[in-house]
Every structure is written in structure tokens, then in C-alpha cells.
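Okay, so here's the structure we're looking at.
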Amino acid sequence: MLGIDVVTIFPAMVEGPVRDGIVRRAADAGLVRIGVHDLRAFTEDRHRTVDDAPFGGGPGMVMKAEPFFRAREAVVPAGPGPRDAIVLLSPRGVPFDQPTAERYAALDRLVLLCGRYEGIDERVRDGVATEEVSLGDFVLTGGEVAALAVIEAAVRLIPGALGDEGSAGADSFADGVLDCPHYTRPAVVRGRSVPEALLSGDHGRIRRWRRKEALRATRQRRPELLRTARLSAEDRTLLREIEDEETNAGVVQTAACED
Ligand code: J9Q
């Protein structure tokens, strides 16, 4: 069973969200265990100090190393084995992605260390963390919200965690491209109609339309994903059609447009 331990100066920020939704369901079902640890419990001074001024001077405070070392010793006394990861959430990390979530979901132990934006003593990176990940190029005040995202991404991949809601294999990103557009009733909303292909009842045509629109969205918004996506021969045909449509865009069309 995967055990997740979060080390944070704001335990309440993490405890609320993990006591709800899919993460709680997975924990109740015995598929995962989640522990939240207050970094201040691992300080030794009377004031439970977790930060200090930076060596070399300058503004802001730096999170002290020693409480993180002591937290690691409490949570993983023998040190991390090959099926464990001690992850520092930080904007300096490597990008977190779906393959990383899949790797975490298969671990024995995932320890998430929440730093704060101003900085963390480098010796936590060198001596405690086994890896450092970032959710993306934006600024958070601390790693807590990032840790919650990592927890949700990993837990939902544990077999059985999604229950009746379906399998994770059908998700956007499972094959490395964005999801297709979705529609539900009514067929017209404020003058906006559902694409005709989806109303055709022709399952082959619907499947092809969905795949094409998934590829179109990926090409428009995240073209770099198409370099690593698992693309079939049909996918390449659909992408050529999309490129042809773009070439012809702006040209006056007299023929009817096909799916
Ligand atoms: C800890 N900005 O930002 C994006 N992914 C992680 C982060 C982050 C941050 C500040 C502190 C993590």
C-alpha cells in the first residue's frame, strides 16, 4: 500500500482537502495512507523556529535545514529505499507530469516536503530530498497546494481508487494528447449547436470526430505534446486533414465541409 507523508508548516491547509473526495475514498478503502506532519514539531528551540536570515544577506527568510532532516528521520527512519521518493515541491524542480504521477502511484512511500517560495536551505535538497518537482512556471507562496495536486494525481492512478467513475486509462493525457470537446443536452444552448457528427449515431464517425478534435486542440494549444504522443497511422491522417484545413482557411470554400 502506498503511504504518503506531507511535511508542512501549514498542516491544516493539507488536512482539509485530503479528508475529502477521491483521496479520502481511497484512504477509507485501504488503498493509501496519508500522514500530515507539522514541520514545527521537528524544531528544537523554544520558539519552534523554521526559518532564518540568508547567509550572504538580502531580503526574505530561508527555511532551516535541520527540521526537515529530523522530519525525514521520523517519517522514514531507515532512509529512502528504491521504492520510496522524498520529493521537494519547488519552482526550481523538474516539471511534474503524468508519467511522474504513475511512478509515484506505484511507490511504497511518497514523502512530500513543502517549501516556501522565498527559499529553503540547499542542504535539504542535497541531504533529504531524492527529487525536486515543480507544477509549472508560476509563483505559489508555498508548496502545500502543489503537494495536494501531486497527491490527487497519484492517488487516482492507484487501481480501485476511481471506483465506478471509470478507469484512469481513458483520461486526457493517458495517450499524451489533450481531450476532445464534450457536449451534453440540450442540443442547442444560446444558439450554439452540438457538432453534427455527435448527433449522427454513426459510432465510427463519432470516434473519428473526437480523435480529430483532440488532435486539433493539441496542435493548437500544446504542439510540443505531438512530438512524444503515441500516434497511430489514423492519427497522422487526421493531423494531415487538420493541416489541410488550416492551409485552406481563409480561402473561399464552395464545397461542403466534411468531418
Ligand atoms: C513551493 N511556487 O510552484 C509551482 N510548482 C511548485 C511551486 C512552488 C512554489 C513555491 C513553493 C512550490
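The shown structure was predicted, so the numbers you read here are calculated from the model rather than taken from an experiment. Just so you know, ligand 1 is whichever comes first in the structure, and atom 1 is the first atom listed for that ligand. When a residue number appears, it is its place in the shown sequence, counting from 1.
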(request) State plainly whether the residues Glu132 and Arg125 are in salt-bridge range, i.e. N to O under 4.0 Å. (result)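 Here Glu132 pairs with Arg125 in a salt bridge, since their nearest N and O are under 4.0 Å apart.
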
(request) Could you list all the side chain to side chain donor-acceptor pair (under 3.5 Å) pairs where at least one residue sits in residues 58-69, not counting sequence neighbours? (result)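 Of all non-adjacent pairs touching residues 58-69, none passes side chain to side chain donor-acceptor pair (under 3.5 Å).
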
(request) Would you list the pairs meeting salt bridge (charged side-chain N to carboxylate O under 4.0 Å, His left out) in which at least one residue belongs to residues 87-101, sequence neighbours left out? (result) Arg92-Glu122

(request) Could you pull out all residues at least two apart from Ala65 that satisfy side-chain contact (heavy atoms from CB on, under 4.5 Å)? (result) Phe69, Asp121, Arg123, Val124

(message) Any non-hydrogen side-chain atom of Thr141 less than 4.5 Å from a side-chain atom of Tyr117?
(response) no

(message) Residues around ligand 1, heavy atom under 4.0 Å from any ligand atom, sorted by chain and number. Can you pull those?
(response)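 Under the 4.0 Å cut-off, ligand 1 touches Leu89, Ser90, Pro91, Gly115, Arg116, Tyr117, Ser134, Leu135, Gly136, Phe138, Val139, Leu140, Gly142, Gly143, Ala146.
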
(request) For Ser232 and Asp235, test the side chains for any donor-to-acceptor distance below 3.5 angstrom and give the result as yes or no. (result) yes

